[in-house]
Every structure is written in structure tokens, then in C-alpha cells.
*Asks:* 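Just passing along the structure, written as C-alpha cells.
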Amino acid sequence: MNLERCVEELKIIKEELAIENKEKIKRAAELVIANIELAFQNAEKAKRAAELMLANKELIFQNEEKGKRAAELIIANIELAYQSQEKAKRAAELIIANKEHSFESEQKEKCATELRIANTELAYQNKEKEKRAAELNIVNKELEQFAFIASHDLQQPLRTVSNYLRLLEEKYLSQLDEDARKYINSTNNAIKRMNLLINSLLIFSQLGNNRKLANVDLKIVLEEVIADHEILIKNSGALIEMSAMPALNIYETEMRQLFQNLITNAIKFQKVETQPKISISAEQKKDKWQFAVKDNGIGIEAIHYEKIFDIFQRLNSKAEYEGSGIGLANCKKIVQLHKGDIWLESKPKEGSTFYFTIPNLAVSATN
Ligand code: ADP
């Protein structure tokens with residue numbers, strides 16, 4: 001019995017064990033599955049970890065790049081800040097320069113306005129001068145006409161006085177005493193002088209009336225003037241030298257008279273016992289020729305430089321030096337006909353130089 005029970009019990013134990021085994025096998029299978037699951041999860045995690053590492057590396061690299069970029073940006077920023085500063089400095093300088101410029105502009109504008117006003121003033125003055133010159137021209141023409149008529153009309157009564165005086169001399173000379181003869185003699189001298197003055201005035205008033213502009217060699221003109229005054233030159237012992245002369249468009253008759261007046265004056269107004277030395281020269285300037293007639297004569301004080309070019313102005317008595325006092329007035333008129341200037345430089349007791357200019361005149365210009 002005991003055995004049976006034992007077998008029975010063993011059977012039960014066996015069954016229980018079998019169940020337990022089954023359970024264990026099931027459990028083992030579950031464990032295997034769980035293991036596989038875990039292994040799979042592990043593999044996934046490893047993969048994920050690798051990916052994370054890679055992502056990390058990428059991030060580190062990106063961070064590094066960002067750091068580098070940030071450093072570059074900092075440098076660029078510093079550069080920009082520096083440039084900004086420079087620009088601000090430049091802007092400040094420009095503002096100052098602008099201010100200066102606007103100040104200068106204002107000044108220039110002011111200057112320009114002043115110049116405009118001055119120009120208007122000048123234009124006005126010029127117009128006035130032109131008006132005055134035109135008026136003077138008319139007055140001059142009228143004066144010339146008056147001088148012509150007066151001198152012309154004065155000749156006749158003077159001739160009458162002269163004739164009656166001659167008759168008086170012829171018919172009554174024997175009845176006249178010494179004083180009366182002296183008076184007649186003085187009257188005769190006065191008539192001669194008045195005749196000279198009237199004739200001079202007549203010549204002056206008609207000067208240039210029939211002028212004709214032509215191209216003339218001034219060397220020839222001067223040689224002819226010198227030849228015409230051969231006796232005067234010989235008697236005075238004057239030495240005349242002449243530089244090269246140009247051929248110019250001039251009024252020949254008038255120019256001849258101009259040289260003649262200056263040369264005869266240079267001989268006439270000579271110091272006692274001094275050989276007259278005269279030099280005539282021509283020098284080309286920009287748009288004109290400048291002539292000079294230089295002497296070693298008595299000279300003229302500066303105070304008389306203007307006056308001697310006026311009609312009948314003489315500095316010396318007619319007893320000392322003969323003349324009508326119209327020669328230089330003629331010279332001035334002739335130079336003005338040529339649109340030139342005349343003036344002099346002189347030292348009393350040393351000599352004088354008379355200068356005049358002749359601009360280049362076109363032959364087509366009004367004669
Ligand atoms: P005139 O010779 O008939 O006296 P001008 O008109 O030629 O008249 O000259 C005016 C004055 O100028 C002269 O009287 C003289 O006093 C002075 N003069 C002219 N030329 C000279 C000269 N070369 N040297 C000194 N004085 C001069």
C-alpha cells in the first residue's frame with residue numbers, strides 16, 4: 001500500500017514537475033523572446049547612440065563653425081565700428097568743410113554781387129564817357145570850324161592893316177620921328193607874328209581833313225624829312241641817328257609833319273654851344289609800334305608835360321626860341337588821328353624824349 005501511495009505520489013509529483021517544466025519552458029521561451037526584444041532594443045539604442053554621437057559631432061562642428069563665424073563677425077564688427085568712426089569723423093570734417101565752403105560761397109556770392117554792381121557802374125561810366133567823348137568830338141569839330149573861319153576871316157583885316165602900314169611907311173616915313181618909326185616897326189613885327197599865329201591856327205584846324213590811310217615805309221618818310229631840313233641840320237651841326245623803321249598803315253602827310261615837328265623842336269630847343277644829338281627809334285609792342293625822338297637839349301620840367309601839347313603853349317620867350325606854340329598841339333592831333341598816344345620823359349638841362357604809339361590800323365578803316 002505504501003508503495004502504491006508512493007507511486008501515486010510520485011506520479012503526482014511527476015505531473016507537477018511536468019507542469020512546472022512546461023511552465024519553465026514557456027517562461028524560458030518568453031525570456032528568449034524578451035531577450036530577443038531586449039537585444040533588438042539594445043541594437044536600436046546602439047544605433048541611436050551612434051546617430052546621437054554623429055549628431056553630436058555635427059553639432060560640435062557646427063558650434064566650432066559658429067564660434068569661428070562669431071569671431072569673424074566680431075572682427076567684422078570691430079572693422080565696421082572703426083569704419084563707422086572714420087565715417088563719423090569724415091562726416092564731421094565734411095560738415096566743417098561744407099560750412100567753410102558755404103561761407104566761401106557766401107563770400108564769393110557777395111564778391112560777385114559787388115563785382116556785378118561795380119560792372120554796372122563801370123558800364124554806366126563807360127557809356128557816360130562815350131557820351132562825353134561824342135560831345136567832345138562835336139565840340140572839337142565846332143572849335144575846329146570856328147578856328148578855321150576865325151583864322152580865315154582874320155587874314156583879310158590883317159592884310160588891310162599891313163597894307164595901310166606899308167603905305168604909311170612909304171608916304172610919310174620922312175615926316176616921322178624916331179619914336180614913330182619904332183612904333184611902326186613894332187606894329188610890323190606884331191602883324192608878322194599874328195600872321196604866323198593865324199596861319200598856324202588855320203593849319204591846325206584843317207589838319208587831317210584830307211587824310212588818306214596807306215601803307216608807307218617810315219624809313220623813307222624820315223629820310224625825306226631829314227633831307228628837307230638839310231640846311232637847318234647843317235647849320236646846327238646836329239647829329240641824327242635812326243633805328244630800323246617799319247612800314248605801317250598811316251596818314252603819310254600828317255605823319256611826315258609829326259616827325260618834322262619833333263625833329264625841328266629837338267634841334268631848336270638846344271643848350272648853348274652844345275651839339276644837338278638826336279636819336280629816332282621804333283619798337284614793336286603787342287599790337288602797336290612805339291616811336292621815340294630823343295634829344296640832349298634844354299629839357300622840360302615835369303609840371304609842363306601836359307600843357308605843352310595845348311595850342312599856343314610855349315615855355316620859352318620868342319626872343320630865346322622862335323615859334324608859334326602850335327607844333328606839339330599838331331603832333332597830339334596827328335597821333336590821335338592814328339588812335340595812338342603821345343607823351344614825354346625829360347630832365348631839365350639834360351634832354352627830352354618824346355614817345356608816341358601807332359596802333360596797327362586796317363587800311364579798310366575809315367580814312
Ligand atoms: P613851338 O616849338 O612853336 O614853340 P611847340 O608846340 O612845338 O611850339 O612846343 C611847345 C613848347 O614846348 C615849346 O615852346 C618849348 O618850350 C617846349 N618844347 C617842345 N619841344 C621841346 C624839346 N625837344 N625840348 C625842350 N622843350 C621843348
Side-chain angles (χ1 to χ4, degrees), residues 140 143-144 147 151 189-208 221-222 225-226 228-229 231-233 235-243 253-282 290-338 340-357:
N140 270 347
L143 272 177
E144 276 172 19
S151 45
N189 285 341
I191 288 171
K192 269 191 209 142
R193 179 134 191 90
M194 195 156 172
N195 207 23
L196 175 73
L197 295 181
I198 288 172
N199 279 333
S200 304
L201 198 58
L202 205 60
I203 290 169
F204 176 79
S205 66
Q206 288 183 307
L207 200 67
V221 171
L222 269 166
V225 170
I226 291 168
D228 288 348
H229 294 82
I231 296 170
L232 173 73
I233 294 167
N235 290 345
S236 64
L239 208 77
I240 302 180
E241 57 180 41
M242 180 169 85
S243 76
T253 314
E254 289 75 9
M255 184 61 82
R256 189 182 298 273
Q257 191 173 348
L258 169 64
F259 275 120
Q260 183 175 298
N261 286 351
L262 293 178
I263 294 169
T264 51
N265 273 355
I267 297 173
K268 183 163 65 170
F269 297 103
Q270 189 48 254
K271 290 172 283 190
V272 203
E273 290 182 7
T274 311
Q275 182 190 26
K277 284 189 179 141
I278 300 156
S279 79
I280 309 158
S281 56
Q290 182 174 305
F291 296 85
V293 179
K294 186 175 188 294
D295 65 50
N296 58 338
I298 56 173
I300 299 164
E301 301 225 25
I303 188 180
H304 302 307
Y305 284 1
E306 296 272 319
K307 159 179 159 180
I308 54 167
F309 290 103
D310 291 339
I311 278 187
F312 301 142
Q313 291 296 329
R314 312 195 70 237
L315 305 178
N316 316 93
S317 74
K318 61 179 190 302
E320 263 183 304
Y321 300 96
E322 249 186 42
S324 63
I326 210 161
L328 287 180
N330 280 341
C331 291
K332 187 173 170 183
K333 195 171 169 188
I334 293 166
V335 171
Q336 282 173 347
L337 287 176
H338 287 87
D341 290 309
I342 185 164
W343 71 99
L344 75 139
E345 280 170 11
S346 183
K347 259 197 178 160
K349 296 192 184 108
E350 283 188 27
S352 314
T353 307
F354 283 81
Y355 296 96
F356 66 90
T357 54

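Indexing begins at 1, ligand by ligand and atom by atom, following the structure's order.
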*Asks:* Can you report which non-hydrogen protein atom sits closest to atom 4 (O) of ligand 1, along with the distance?
*Replies:*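 For this ligand atom, the closest protein heavy atom is Arg314 NE, 2.7 Å.
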
*Asks:* Apply side-chain contact (heavy atoms from CB on, under 4.5 Å) to Thr357 and Phe291, showing your working.
*Replies:* CA-CA 6 Å; Thr357 54; Phe291 296 85; over 6 Å; no

*Asks:* Indicate yes or no: does an N/O atom of Asn265 lie under 3.5 Å from an N/O atom of ligand 1?
*Replies:*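 Checking ligand 1 against Asn265, an N or O pair does fall under 3.5 Å apart.
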
*Asks:* What is the distance from atom CD of Gln270 to atom CG of Asn296, rounded to the nearest 0.5 Å?
*Replies:*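 Atom-to-atom, Gln270:CD and Asn296:CG are 4.5 Å apart.
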
*Asks:* Just which atoms of ligand 1 are under 4.0 Å from any heavy atom in Ile326?
*Replies:*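 Listed by number with element, the hits are 6 (O), 8 (O).
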
*Asks:* Got the closest protein heavy atom to atom 12 (O) of ligand 1, with its distance?
*Replies:*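 Ranked first by proximity to atom 12 (O) of ligand 1 is Ile308 CG2, 3.4 Å.
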
*Asks:* Where is the tightest heavy-atom contact between Gly327 and Asn261, given as atom of each residue plus distance?
*Replies:*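 That would be O-ND2, 3.1 Å.
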
*Asks:* Do you know the tightest heavy-atom contact between Asn330 and Gln257?
*Replies:*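 In terms of heavy atoms, the two residues are closest at ND2-NE2, 3.4 Å.
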
*Asks:* Below 4.5 Å, heavy atoms only, C-beta onward: do Leu344 and Tyr305 meet side chain to side chain?
*Replies:*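 The answer is yes; the side chains approach within 4.5 Å.
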
*Asks:* Please examine the side chains of Leu258 and Phe354, heavy atoms only from C-beta on, and report whether any two atoms are closer than 4.5 Å.
*Replies:*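 Phe354 does not reach Leu258 side chain to side chain.
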
*Asks:* Provide the number and element of each atom of ligand 1 under 4.0 Å from a heavy atom of Ser352.
*Replies:*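 This gives 24 (N) as the contact atoms.
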
*Asks:* Among all protein heavy atoms, pick out the one at the shortest distance from atom 6 (O) of ligand 1; state its residue, atom name and that distance to 0.1 Å.
*Replies:*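 For atom 6 (O) of ligand 1, the nearest protein heavy atom comes out as Leu328 N, 2.7 Å.
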
*Asks:* Measure across Ala282 and Ser243 and return the closest heavy-atom pair with its distance rounded to 0.1 Å.
*Replies:*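 Nearest heavy atoms, Ala282 then Ser243: N-OG, 3.1 Å.
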
*Asks:* Tell me which part of Asn330 gets within contact of ligand 1: side chain, backbone, both or neither, using heavy atoms under 4.0 Å.
*Replies:*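 No part of Asn330 is near ligand 1 at this cut-off.
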
*Asks:* What's the shortest distance from atom 10 (C) of ligand 1 to any protein heavy atom, and which residue and atom give it?
*Replies:*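 Checked against all protein heavy atoms, atom 10 (C) of ligand 1 sits closest to Gln313 O, 3.2 Å.
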
*Asks:* Check whether any N or O atom of Leu315, backbone or side chain, sits under 3.5 Å from an N or O atom of ligand 1, and answer yes or no.
*Replies:*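 In this structure, Leu315 places an N or O atom under 3.5 Å from an N or O of ligand 1.
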
*Asks:* What atoms of ligand 1 come closer than 4.0 angstrom to any heavy atom of Ile298?
*Replies:*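 With Ile298 as reference, the close atoms of ligand 1 come out as 25 (C).
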
*Asks:* Which residue supplies the protein heavy atom nearest to atom 16 (O) of ligand 1, what is that atom called, and how far is it?
*Replies:*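 Atom 16 (O) of ligand 1 sits closest to the protein heavy atom Asn316 OD1, 2.8 Å.
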
*Asks:* Parallel under 30°, tilted from 30 to 60°, perpendicular over 60°: which one fits the rings of Tyr355 and Trp343?
*Replies:*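 Tyr355 vs Trp343 ring planes: parallel.
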
*Asks:* Which heavy atom of the protein is the closest neighbour of atom 27 (C) of ligand 1, given with residue, atom name and distance?
*Replies:*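 Protein heavy atom at minimum distance: Ile300 CD1, 3.4 Å.
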
*Asks:* At less than 4.0 angstrom from any non-hydrogen atom of Lys268, what atoms of ligand 1 do you find?
*Replies:*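 Selected atoms, number and element: 1 (P), 2 (O), 3 (O).
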
*Asks:* Taking the side chain as everything from C-beta on, heavy atoms only, tell me whether Leu197 gets closer than 4.5 Å to Met194.
*Replies:*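 With C-beta onward as the side chain, the pair stays apart.
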
*Asks:* Can a donor-acceptor pair be found, under 3.5 Å and without considering hydrogens, that links the side chain of Lys307 to the backbone of Gln313?
*Replies:*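 Not a single qualifying donor-acceptor pair exists.
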
*Asks:* Between Phe259 and Phe356 (judged by ring centroids, cut-off 6.0 Å), do the two rings come close enough to count as a pair?
*Replies:*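 Close enough - the centres of the two rings lie under 6.0 Å apart.
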
*Asks:* Atom 24 (N) of ligand 1: which protein heavy atom is closest, and how many Å away?
*Replies:*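 Ranked first by proximity to atom 24 (N) of ligand 1 is Phe269 CB, 3.5 Å.
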
*Asks:* Contact between Gly325 and ligand 1, counting heavy atoms under 4.0 Å?
*Replies:*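 Yes, that is the case, since the closest heavy atom of the residue is under 4.0 Å from the ligand.
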
*Asks:* With the threshold set at under 4.0 angstrom, would you say His304 reaches ligand 1 through any of its heavy atoms?
*Replies:*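 No; His304 lies far enough from ligand 1 that no heavy-atom distance drops under 4.0 Å.
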
*Asks:* Does ligand 1 have an atom under 4.0 Å from some heavy atom of Phe309?
*Replies:*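 Checking ligand 1 against Phe309, which is what was asked, there is no heavy-atom contact under 4.0 Å.
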
*Asks:* What residue and heavy atom of the protein are closest to atom 23 (N) of ligand 1, and at what distance?
*Replies:*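 Nearest protein contact, heavy atoms only, for atom 23 (N) of ligand 1 is Asp295 OD2, 2.9 Å.
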
